[in-house]
Asker: 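Below is one structure. I have some questions about it.
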Amino acid sequence: MEDYLVRGVGEDGKFRVFAATTTHLVEEARKRHDTWPVASAALGRSLTAGLLLGANLKGEDLITLRIFGDGPLGAIIVTANAAGEVRGYVQEPHTDLEHAAGGKLPVGAAVGKGVLYLTKDLGLKEPFTGSAELVSGEIGEDIAQYLLVSEQTPSAVALGVLVAPDGGVRASGGLIVQLLPGAEEEVLARLEKSISQLTPVSTLVARGLTPEEIVAEAVGGLKVRYLERVPLSFKCRCSHERVGDILVAMGQQEIKKILQEQGQAEVRCHFCGRTHIFAAPELEAILKTASQRS
């Protein structure tokens, strides 16, 4: 099944819903960053959350999710755009903790306590940043807390990543259901009951359910009108040219030092794990550019 996201609104505009399958892009992130199972689950949930939270982005809008916990995983950083492209990394990809009963990955313990920040760059003068304390480190509950505290939007959030015994990502996906102003108590009660009984999203994806079918499971028979279907992918905006510009900005002295001590520059992108190599002739050209700009 391809990775894609759907955005819809409930009957009579009482709630809205976002759902996505993200198995392939989370597996790509795992390979790029060589994440171990706990880190794969935490990063996968965060990548999915970034895409769901950014489902209303337009044009060149960007959303950045930053999770700073005191657990062994360290920071988790994710950015997503309006085209359904996401990138991200976890600070300590080789984190391993003893699994809980039933083989459940201890994501909450690996993330720990801390703060979640969400920055929206909507092309205005200044980006907007909201924050909320982590309530469990499980990512889904923390996103729901953020939406309630920072955006005053009651939401149910379900995120899941199923990691196979060989370490590969077998299934990944997520769901956000949000009540809209004017929703009757009957709609609220029906949604609460249905979502509380929902099978884990990763299990539903592993069974082959589409985002639309996951939504149907979550809303208990309530009708949903879909507004958009967006293909999703792990994609980084780094390029050799952009990294070269960063080297130019470092200044002549730093470039000369790299040339003298290393003979070339190797710059690794945190977001995608790609290494950009600048051999001596290219570094000399960059040094010339830097000198012209100084």
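Small disclaimer: the values here were computed from a predicted structure and weren't measured.
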Asker: Find out whether F128 and L122 are in side-chain contact, i.e. whether some heavy atom of one side chain is under 4.5 Å from a heavy atom of the other.
Answerer: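 The answer is no, as the side chains (C-beta and beyond) never meet within the 4.5 Å cut-off.
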Asker: Can you establish whether the number of heavy atoms outside R66 located under 6.0 Å from its atom CZ is more than 12?
Answerer: yes
Asker: Near E228 CD, under 6.0 Å, is it more than 12 heavy atoms from other residues, nucleotides or ligands?
Answerer: yes
Asker: May I ask you to decide if G220's main-chain N or O and R190's side chain share a donor-acceptor pair within less than 3.5 Å?
Answerer: yes
Asker: Would you sort out whether E217 and R207 count as a salt bridge (charged side-chain N to carboxylate O under 4.0 Å, His left out), showing the intermediate values?
Answerer: CA-CA 13 Å; E217 292 274 338; R207 290 177 183 171; over 6 Å; no
Asker: Is E282 close to L247 at the side-chain level, that is, under 4.5 Å between some pair of heavy atoms?
Answerer: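 No, their side chains stay 4.5 Å or more apart.
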Asker: Any side-chain to backbone donor/acceptor pair from S196 onto K193? Under 3.5 Å, distance only.
Answerer: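 Such a contact is found between S196 side chain and K193 backbone.
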Asker: Hey, is NE2 on H94 packed in by over 12 heavy atoms from elsewhere, all under 6.0 Å?
Answerer: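 More than 12 heavy atoms, drawn from other residues, nucleotides or ligands, come within 6.0 Å of this atom.
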Asker: What I want to check is whether the side chains of T35 and R30 have a donor and an acceptor closer together than 3.5 Å.
Answerer: no
Asker: Would R229 and E2 count as a salt bridge (charged side-chain N to carboxylate O under 4.0 Å, His left out) here? Give the steps.
Answerer: CA-CA 12 Å; R229 183 183 190 276; E2 65 173 316; 3.0 Å; yes
Asker: Compare all side-chain heavy atoms of I246 with those of V267 and state whether any distance is below 4.5 angstrom.
Answerer: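 I246 vs V267: side chains apart.
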Asker: How are the rings of H240 and H276 set relative to one another: parallel (under 30°), tilted (30 to 60°) or perpendicular (over 60°)?
Answerer: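 Taking H276 first and then H240, their aromatic rings sit tilted (interplane angle of 30° to 60°).
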Asker: Quick one: pull up CG in L175 and OG1 in T48 and give me the separation to the nearest 0.5 Å.
Answerer: 11.5 Å
Asker: Do E266 and I277 pass the side-chain contact (heavy atoms from CB on, under 4.5 Å) test, and can you show the C-alpha distance, the side-chain angles, and the key distance before you say yes or no?
Answerer: CA-CA 5 Å; E266 294 187 11; I277 299 176; 4.0 Å; yes
Asker: Let me check something: do F68 and V107 share a hydrophobic cluster, defined by ILVMFWY side-chain heavy atoms less than 4.5 Å apart, either directly or through other members?
Answerer: no
Asker: Side chains of T210 and T21: does their closest heavy-atom pair fall under 4.5 Å?
Answerer: no
Asker: For S131 and L116, indicate whether the former's side chain and the latter's backbone hold a donor-acceptor pair under 3.5 Å.
Answerer: no
Asker: Of the non-hydrogen atoms in D142 and S136, which two are nearest, and what is the gap between them?
Answerer: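 Closest heavy-atom pair between D142 and S136: OD1-N, 3.0 Å.
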Asker: Is there side-chain contact between L43 and V161, with heavy atoms separated by less than 4.5 Å?
Answerer: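 Side chain of L43 against side chain of V161, heavy atoms only: no contact under 4.5 Å found.
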Asker: Output the distance between atom CZ (R87) and atom SG (C236), rounded to the nearest 0.5 Å.
Answerer: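 Rounded to the nearest 0.5 Å, the CZ-SG separation comes out at 4.5 Å.
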Asker: Would you say V9 ends up clustered with L57 if hydrophobic residues are merged whenever their side chains have heavy atoms under 4.5 Å apart, either directly or through other cluster members?
Answerer: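 Different clusters: L57 never reaches V9 through Ile, Leu, Val, Met, Phe, Trp or Tyr contacts under 4.5 Å.
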Asker: Hey, what do you get for CD1 (I63) to CG (L51), rounding to the nearest 0.5 Å?
Answerer: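 The CG atom of L51 is 9.5 Å from CD1 of I63, to the nearest 0.5 Å.
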Asker: How close do L65 and G50 get, counting heavy atoms only, and between which atoms?
Answerer: CD2-N, 4.4 Å
Asker: To check you understand the geometry: which heavy-atom pair defines the closest contact between L5 and A55, and what is its length?
Answerer: CD2-CB, 4.0 Å
Asker: When clusters are formed by joining ILVMFWY residues with side-chain heavy atoms under 4.5 Å apart, either directly or through shared neighbours, do Y4 and Y226 land in the same one?
Answerer: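 Yes, one cluster joins them.
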Asker: For L162 versus A206, what's the shortest heavy-atom pair and its separation?
Answerer: CD2-CB, 4.0 Å
Asker: With a 4.5 Å cut-off on side-chain heavy atoms, are L47 and T22 touching?
Answerer: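 Not in contact.
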Asker: Atom CD1 in I143, atom CG in L148: separation rounded to 0.5 Å?
Answerer: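 So the CD1 of I143 and the CG of L148 are separated by 13.0 Å.
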Asker: Does L232 offer a backbone N or O that forms a donor-acceptor pair with the side chain of D3 under 3.5 Å?
Answerer: no
Asker: Begin from the C-alpha positions of L159 and V201 and carry the test side-chain contact (heavy atoms from CB on, under 4.5 Å) through to its verdict.
Answerer: CA-CA 6 Å; L159 304 168; V201 172; over 6 Å; no
Asker: Between Q178 and T153, is there a side-chain donor-acceptor contact under 3.5 Å, judged purely by atom types and distance?
Answerer: no
Asker: Start with the C-alpha gap between R237 and E85, add the side-chain angles, then the distance that decides, and say whether salt bridge (charged side-chain N to carboxylate O under 4.0 Å, His left out) holds.
Answerer: CA-CA 10 Å; R237 298 188 303 277; E85 298 168 346; over 6 Å; no
Asker: Stepwise, does the side-chain contact (heavy atoms from CB on, under 4.5 Å) test hold for R274 with R32?
Answerer: CA-CA 8 Å; R274 183 181 302 147; R32 285 177 176 270; 4.0 Å; yes
Asker: Short question: side chain of D61, backbone of A82 - any donor-acceptor pair under 3.5 Å?
Answerer: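 Judged by distance alone, no pair lies under 3.5 Å.
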Asker: Is any side-chain heavy atom of V90 less than 4.5 Å from a side-chain heavy atom of H33?
Answerer: no
Asker: Would a distance-only check, ignoring hydrogens and angles, find a side-chain to backbone donor-acceptor pair under 3.5 Å from T119 to T129?
Answerer: no
Asker: Should I195 and V205 be counted in the same cluster of Ile, Leu, Val, Met, Phe, Trp and Tyr side chains packed under 4.5 Å apart?
Answerer: yes
Asker: Work out which heavy atom in L73 is nearest to a heavy atom in A42; give both atom names and the distance.
Answerer: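 Nearest heavy atoms, L73 then A42: CD1-CB, 3.5 Å.
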Asker: Can you check whether V149's main-chain N or O pairs, donor with acceptor, with Q152's side chain at less than 3.5 Å?
Answerer: yes
Asker: Atom CE of M250 and atom CG of D245: how far apart are they, to the nearest 0.5 Å?
Answerer: 13.0 Å
Asker: Any side-chain heavy atom of S150 within less than 4.5 Å of one from L118?
Answerer: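 They are not in side-chain contact.
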Asker: Please answer: with hydrophobic residues joined when any side-chain heavy atoms are less than 4.5 Å apart, are L25 and I77 in the same cluster?
Answerer: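 Shared cluster, no.
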Asker: Locate the shortest heavy-atom distance separating M1 from L209; write the atom from each residue and the value.
Answerer: CE-O, 3.0 Å
Asker: Rounded at 0.5 Å granularity, tell me how far CG in L259 sits from CG in L283.
Answerer: 4.5 Å
Asker: Step through the shown structure and confirm whether more than 12 heavy atoms of other residues, nucleotides or ligands are within 6.0 Å of NZ on K235.
Answerer: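 Atom NZ in K235 is not packed in, count stays at 12 or less.
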Asker: As a quick check of understanding, evaluate side-chain contact (heavy atoms from CB on, under 4.5 Å) for E60 and N81, giving each step before the final call.
Answerer: CA-CA 7 Å; E60 299 298 317; N81 63 19; over 6 Å; no
